[in-house]
2 protein chains.
Amino acid sequence: MLEAKLAEAGTLKKLLDAIKELVTDANFECNEEGLNLQAMDNSHVALVAVHLEAAGFKRYRCDRPMPLGVNLSSLTKVLKCAKDDDECTLKAADEADVLNLVYEAKNSDRIAEYDMKLMDIDSDTLGIPDTDYDAEVTMPSAEFARIVRDLSALGESVRIEVSKEGVRFASEGESANGSILLKKDGEPDRVLTDKEKKAQKARERGEEPEEDDEEEGDEPKEKKIKKEKVKKEKDVDEDVEMDQEEKDEEEFKANSDDEEEKSEAGDDDEERAARSGRKRQTARPSLPRKPKRPRVRERRTRRTSPALFNFGMNSHVSLTFSLKYLVNFSKSTSLTNTVQLRMSNEVPLLVDYDFGQGFVRYYLAPKIGDE
Amino acid sequence: MLEAKLAEAGTLKKLLDAIKELVTDANFECNEEGLNLQAMDNSHVALVAVHLEAAGFKRYRCDRPMPLGVNLSSLTKVLKCAKDDDECTLKAADEADVLNLVYEAKNSDRIAEYDMKLMDIDSDTLGIPDTDYDAEVTMPSAEFARIVRDLSALGESVRIEVSKEGVRFASEGESANGSILLKKDGEPDRVLTDKEKKAQKARERGEEPEEDDEEEGDEPKEKKIKKEKVKKEKDVDEDVEMDQEEKDEEEFKANSDDEEEKSEAGDDDEERAARSGRKRQTARPSLPRKPKRPRVRERRTRRTSPALFNFGMNSHVSLTFSLKYLVNFSKSTSLTNTVQLRMSNEVPLLVDYDFGQGFVRYYLAPKIGDE
DNA sequence: TCGCAAATGT
DNA sequence: ACATTTGCGA
């Protein structure tokens, strides 16, 4: 059975808002490490991968892996019945055919409980290759959203080009062409490999070289360049926002936040494989239960406002994408202040929204030629 | 070639929002004095004239006059890609078939550049006669907007009547009639001729009687008028802004504001009385509204108080107009705090929104009989 | 989170 | 052509 208590129902609501237009039905694969969802969009052009870490929940228990086949519209409806700051507990018995959701208002005696029917969904869980990209751009998620929204008013597609000059988004339309250039001071950094990043993160966290990151734990090359970058940005964020919440562990925690997740995500290939192996779609039993949710120590509120822009490149990259999809991806903006774009020529773009308790990643194949 | 840099892209955005529903394509005529646009609305009932003065730009250069045929929808789209406070530079080569727009965020390394296709438009630039009107009403633009919007819910047309009693807007509908009377203390002023106005403005400015306006003595009335008007409104704007910051003139403020501001009015008996009067009206929508009453006297107008309401008349004027158009005109409200209505019997109404860097003027022929 | 505008359906 | 609903922006 699954029992997972989230401190803020708002997290789930935002998550659903972000993906529900792209995907109508999907399996939430539950296992001891958390919840994962992976699905092609309805037109099978883009791929969405969501991960909610077990550690991001206030309480998390999953006895054995199971898929929960959810109609996202239904789940959205049910989630609308929760206030953003309600604690939200998801429960499902083994073989359950319903998902039980309990909302508890933080300071009241109000407890709402919903049972949502589950469905059997053929999951075509595709492995996502763990790629090293030639260019990585980290920017404020709101700015990315603005750019793709603006350009989508002009044309159908956008060419994203990363060069020493900066990052350029250019679109051509019938009545107008547009081009936005984001520059940064200094040279672009080199892009780290995943391993390097892992090591780097670990270092930032104060952990030494080895960790839990493991599976392939062989060659932790690390990169510091990246690290510094990250640090810098976080500091900025914290200054800006953290005051509002708590001050104490900011540095430490903040650092570990965001990118930490990334690395984990990177490694979850193993998990993914495992999961997909297990994957079966069965009916789920229903059961209700309610949890309560304390307020978690999410330092993760990290916010961004200012210069969260940075990029690195190993080689010049120029790719063209459908703006329609990018605009859709940018619905995840409310989840976190920064977004990371990772690209290599002729390879699908990865748009990565990494928030405290997990991530939403979108993959989109580039257009070829000049369609 | 043309190169014009506007400090705030927002100015252009508002301008376009104001006129784009009335006109779909128009020539922006560029010359050394600035940009001008003149067009009949799509149904050829109303006429719109826009002027942006060269002096209102941060930089302005136009080697030789040329028309830029613009599709306003396209321009609107392109302008949506600018943030309101971006600097916006318009560039067009001689004989160019594109207009180049560059947006520079004030504090960042973001530069966006757009090329918008131009079109050839037959310009039927009609001369607008330079008329002396029998009645002139200056009022808060928001109030005008409110009045025409309110009345448009009742009927198709509004009769605007200027008499010694005040300015009345009256509409008759199937289920209700409405009438709003705006009064002012004292007698209406006489409407000055253009020349007189010039002189008056100069005096108010502290300048003595002669001005620079003079180029050609008599005929260029239009020009002069414009100039003065511009000046005047600048004063107005400043005053208004000041009010928001400094408190001393709050009386004025209360007067000039609309119903919405009730809460603020609370501190003064007189105001309270006035308010209760208004409230009653609110309860019965079909009754005539009460006049707001500026307790400002003219003199103040000049300096501090843009009395936001004032009027002058040489003879009784009563004209009927289509509310649909007036509602449309009132989209210009965001450009400036005051609007001026100028009327003579049987002559098209002039609705004049004069903002710091130029103006938008609408002309609308009165209805005849009781259509 | 609320309001305004644009797009779609009746 | 008008009204309603959805999406986007402030």
Side-chain angles (χ1 to χ4, degrees), chain A residues 8-14 16-22 24 42 72-73 76-77 79-86 105 140-154 156 173 175 178 244 303 305 323-335 337, chain B residues 8-24 41-43 45 71-86 103 105-106 112 141-142 145-146 148-150 152-156 173-175 244 258-261 263 322-325 327-335:
Chain A
E8 310 258 340
T11 305
L12 253 187
K13 294 172 76 169
K14 288 182 213 155
L16 267 288
D17 281 345
I19 64 173
K20 68 164 189 278
E21 281 191 31
L22 230 34
T24 57
N42 297 327
L72 300 190
S73 304
T76 300
K77 281 181 193 160
L79 284 170
K80 285 207 169 138
C81 303
K83 293 175 64 181
D84 282 359
D85 62 348
D86 283 350
S141 53
E143 184 167 29
F144 176 67
R146 183 80 194 310
I147 289 170
V148 297
R149 198 203 317 139
D150 282 354
L151 293 181
S152 69
L154 305 180
E156 301 271 298
S175 56
Q244 306 169 336
R303 228 133 245 337
S305 341
L323 278 164
K324 174 183 155 197
Y325 286 95
L326 298 183
V327 167
N328 223 312
F329 298 169
S330 71
K331 289 185 189 295
S332 293
T333 299
S334 60
L335 285 165
N337 298 287
Chain B
E8 309 259 338
T11 306
L12 253 187
K13 295 173 73 168
K14 286 183 219 156
L15 193 50
L16 266 287
D17 280 346
I19 65 173
K20 67 164 191 279
E21 281 191 30
L22 232 33
V23 181
T24 58
D41 82 294
N42 296 327
S43 46
V45 171
N71 173 282
L72 300 190
S73 304
S74 299
L75 181 53
T76 300
K77 277 183 194 164
V78 172
L79 284 171
K80 283 204 172 145
C81 301
K83 294 172 67 178
D84 282 358
D85 61 348
D86 283 349
Y103 307 139
K106 288 210 155 65
S141 54
R146 179 55 133 79
V148 297
R149 197 187 341 122
D150 285 353
S152 70
L154 305 180
E156 301 273 296
E174 297 186 0
S175 54
Q244 301 171 339
D258 238 308
E259 275 93 337
E260 271 97 334
E261 242 99 358
S263 49
S322 158
L323 277 163
K324 174 183 157 197
Y325 285 94
V327 167
N328 222 314
F329 299 168
S330 70
K331 289 185 190 295
S332 292
T333 298
S334 60
L335 285 166

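What you see is a predicted model; the values in this text were computed from it and never measured. In what follows, chains are A, B, ... by sequence order, proteins preceding strands, each numbered from 1.
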Full working for side-chain contact (heavy atoms from CB on, under 4.5 Å) between A:Phe329 and A:Val148: CA-CA 10 Å; A:Phe329 298 169; A:Val148 297; over 6 Å; no

Qualifying salt bridge (Lys or Arg N to Asp or Glu O under 4.0 Å) pairs with a residue from residues 144-154 of chain A, counting only residues at least two apart or across chains: A:Arg146-A:Asp150

Name each donor-acceptor pair under 3.5 Å that joins a side chain in residues 75-85 of chain B to protein atoms two or more places apart or in another chain, with its distance.
from    : atom 1 : to      : atom 2 : distance (Å)
B:Thr76 : OG1    : B:Leu72 : O      : 2.6
B:Asp84 : OD1    : B:Lys13 : NZ     : 3.1

Over 12 foreign heavy atoms within 6.0 Å of CD, A:Glu156: no

Partner residues of B:Asp41 under the salt bridge (Lys or Arg N to Asp or Glu O under 4.0 Å) criterion, sequence neighbours left out: none

Pairs under 3.5 angstrom, nitrogen or oxygen only, protein versus nucleotides 6-10 of chain D, please.
from  : atom 1 : to       : atom 2 : distance (Å)
D:dG7 : OP1    : A:Glu21  : OE2    : 3.3
D:dG9 : OP1    : A:Arg149 : NE     : 3.3
D:dG9 : OP1    : A:Arg149 : NH1    : 2.5
D:dG9 : OP2    : A:Arg149 : NE     : 2.7
D:dG9 : OP2    : A:Arg149 : NH1    : 3.3

For A:Lys331, all residues meeting salt bridge (Lys or Arg N to Asp or Glu O under 4.0 Å), sequence neighbours excluded: A:Glu21

With 3.5 Å as the limit, what N/O pairs link the protein to nucleotides 7-9 of chain C?
none

Separation between CG of A:Leu151 and CG of A:Leu323, rounded to the nearest 0.5 Å: 6.0 Å

Gap between atom OG1 of B:Thr24 and atom CD1 of B:Ile19 - 0.5 Å precision: 10.5 Å

Whole-Å gap separating P (C:dC4) and NZ (B:Lys14): 16 Å

